[in-house]
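Reading through the structure tokens given below for one structure.
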Protein chains: 2
Amino acid sequence: MNFSIEQLQAFDAAAHTGSFSAAARRLGKAQSVISTAVANLEADLGVPLFDRSGRYPALTAEGKRLLLDARRIIEACANLQALSGEIAAGVEHRLTLAVDDTSHLPWLEPILGVFAERFPNVELELLFPLLDDQIAMLLSGRAQIGIGYEQTNAHKEIETRSIGMVRAPLFVAADHPLAAKKRVGRADLIKHRQIVITSRGGAPHHFDVLIASKVWRVEGDLAILELVKRGHGWAMLPEFLAEGPLGAGEIFRLQPDFIPELPVMRMEVLWHRPHAQGKAGIWLRDALIRRAAERN
Amino acid sequence: MNFSIEQLQAFDAAAHTGSFSAAARRLGKAQSVISTAVANLEADLGVPLFDRSGRYPALTAEGKRLLLDARRIIEACANLQALSGEIAAGVEHRLTLAVDDTSHLPWLEPILGVFAERFPNVELELLFPLLDDQIAMLLSGRAQIGIGYEQTNAHKEIETRSIGMVRAPLFVAADHPLAAKKRVGRADLIKHRQIVITSRGGAPHHFDVLIASKVWRVEGDLAILELVKRGHGWAMLPEFLAEGPLGAGEIFRLQPDFIPELPVMRMEVLWHRPHAQGKAGIWLRDALIRRAAERN
DNA sequence: ATATACCATCCAAAAAACAGATAGATGAAC
DNA sequence: GTTCATCTATCTGTTTTTTGGATGGTATAT
């Protein structure tokens with residue numbers, strides 16, 4: 001391993017521009033530097049890279065082949081450079097998100113896609129802890145950013161910011177008896193099974209609208225949606241989640257005549273102020289807030 | 001791109017051995033060289049790679065991450081080194097084989113596997129030209145090595161070496177009427193369709209044993225085998241090709257009572273003496289000859 | 001034929017790499 | 001607690017390499 005990165009860069013530039021002089025200009029060096037660099041590289045590798053018989057040096061067949069490998073090295077070096085630059089600038093190695101339910105994945109995914117482009121070297125970790133666990137994870141530093149519905153028992157060191165309101169209408173399966181009615185009254189709802197969200201810890205959800213007498217409690221909105229689709233009862237579901245099945249005609253949106261306004265839930269992003277955020281975390285936080293602002 | 005390969009090697013060695021002194025000994029340099037190399041690398045990257053608070057330097061988390069990329073660079077450099085060494089030693093970029101029939105692929109493949117390990121950077125090109133074309137390709141330099149059955153009209157500049165004898169018994173489908181007979185006579189064979197090899201140019205095969213009155217002429221032993229399997233007639237097939245289907249009970253080996261000895265074909269490797277062979281070509285040629293010698 | 005742009009080579013100056021020496025620090029052994 | 005071996009950072013003078021400018025020879029276009 002006698003050659004140097006500068007020699008490889010000279011090789012690459014010369015091959016790319018088609019002349020040693022042009023390569024020198026491009027690299028901001030003297031022509032003699034490129035000339036000797038290439039000559040030394042050839043001596044080190046034991047392979048002639050250019051045919052110098054003409055006015056312009058022409059890549060030999062071997063040179064063409066070796067150029068591929070040389071470029072790979074240069075690229076890997078640029079990569080190391082960029083990565084170390086990121087690290088030096090304070091981009092964290094890993095960012096852990098604590099999302100309070102897998103049901104948020106559909107709308108979250110596009111933002112994560114942009115994140116992946118912007119921070120390709122950051123390991124993204126996605127966890128879906130229950131409500132209380134989410135706060136605990138932020139406090140302990142296990143996760144840096146939380147995403148979920150507004151919580152009543154917020155910790156004073158946990159900072160929150162709204163990232164939008166979500167309406168939660170009532171849904172049943174398209175072939176459910178309730179779906180036949182244009183408008184439903186409280187009495188109708190009481191008669192059929194209601195499916196409500198629950199959490200492993202049993203902590204009461206702040207939006208606890210229990211109406212029916214027959215109840216199933218299910219952990220996670222995705223599971224609730226699945227049960228609703230199959231006709232096991234009616235449930236309150238966030239609009240963004242019901243959108244797809246509603247359009248596909250799998251579920252039906254009830255029109256209760258006794259609820260003046262639709263229940264609305266606040267979505268928020270949470271973080272622990274004492275834990276310093278890395279660049280990637282701050283970017284993601286801001287991206288979530290920005291998205292909410294843009295959608296008014 | 002300020003860092004050098006030596007610095008990366010020092011980084012790698014230090015991380016590997018766990019001490020700058022040990023790294024120096026391993027690389028055959030002074031300890032101060034490693035110390036300053038690592039320090040300069042850290043300054044260039046803007047990231048501390050080692051925690052020097054203890055007796056031995058300990059990789060930081062960032063160092064651990066960057067080490068992966070550094071190793072990739074070192075590896076790529078070693079690769080370039082190795083490849084250029086091969087090229088300098090006269091290993092050709094591409095080796096073209098002219099095999100006279102795809103039916104040789106089954107026995108040829110293992111040798112090509114060894115070849116791939118020995119010469120991973122050589123592009124292997126496999127062509128299956130007809131008899132006359134094979135010679136023409138060798139003469140023109142389009143192919144460097146030929147493999148096939150012995151030819152009568154050999155060119156004087158084409159060198160050949162035997163790589164074994166192949167017996168070619170007669171086969172029919174297992175459910176063919178002829179398969180019922182313990183021994184078959186010439187009259188039996190005449191009555192049923194014979195399938196013989198032919199070539200696009202129509203040049204006569206030197207082993208032209210036409211017996212039956214009903215004949216199909218087919219280009220390529222693999223196609224003949226397929227037709228025999230499906231009961232379209234009997235044919236002479238090289239033993240190595242018939243082995244599999246024979247074991248599987250798909251075809252049956254005829255016992256002619258009028259042929260004292262089995263027809264034997266000579267397999268040979270060919271090359272054009274005036275065209276200089278590269279290392280890989282010579283290796284493959286010798287491997288084929290060696291294989292024949294080992295099998296007597 | 002002339003002009004232009006190219007390359008290899010030479011040269012002196014600047015820069016970098018190097019080994020050895022030294023001093024301070026750490027951890028293991030006693 | 002002391003000793004001892006071994007570690008790292010840093011300094012130093014020397015050696016080696018790199019650098020840019022100048023020069024001369026050569027290929028191509030006008």
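Below, chains carry the letters A, B, ... as their sequence lines are ordered, and counting in each starts from 1. Being a predicted model, the structure only gives us computed values, none of them experimental.
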Starting at CG of A/Leu59 and ending at P of C/dC7, how long is that distance when rounded to a whole Å?
-> 13 Å
What's the CD1-P distance between A/Ile34 and C/dC6, to the nearest Å?
-> 13 Å
Would B/His16 and B/Asp12 count as a side chain to side chain donor-acceptor pair (under 3.5 Å) if you check the C-alpha gap in whole Å, the side-chain angles of each, and the deciding distance to 0.1 Å?
-> CA-CA 6 Å; B/His16 193 266; B/Asp12 180 34; over 6 Å; no
Contact check, residues 13-21 of chain B vs DNA chain D, heavy-atom distance under 4.0 Å, returns B/Ser19, B/Phe20, B/Ser21
In terms of side-chain heavy atoms, does A/Glu157 have a donor or acceptor partner in A/His272 at a distance below 3.5 Å?
-> yes
For atom CG of B/Asp51 and atom C1' of C/dT26, their distance in whole Å | 13 Å
Please indicate whether A/Glu125 has more than 12 foreign heavy atoms, meaning atoms of other residues, nucleotides or ligands, lying under 6.0 Å from its CD.
-> yes
Side-chain heavy-atom pair A/Gln7, A/Asp44 within 4.5 angstrom cut-off = yes
Roughly how far, to the nearest 0.5 Å, is CG of B/Leu49 from CG of B/Leu59?
-> 7.5 Å
Take atom CZ of B/Arg25 and atom C1' of D/dT6, then tell me their distance rounded to the nearest Å.
-> 9 Å
Min side-chain heavy-atom separation A/Asn79-A/Leu83 under 4.5 Å | no
Is there side-chain contact between B/His93 and A/Glu62, with heavy atoms separated by less than 4.5 Å?
-> no
4.5 Å side-chain heavy-atom contact, A/Val122 and A/Phe115 = yes
Could you write nucleotides 17-30 of chain D as a row of B, S and -, 5' to 3', where a protein heavy atom under 4.0 Å of any base atom gives B, of only sugar-phosphate atoms gives S, and otherwise -?
-> --SBB-----BS--
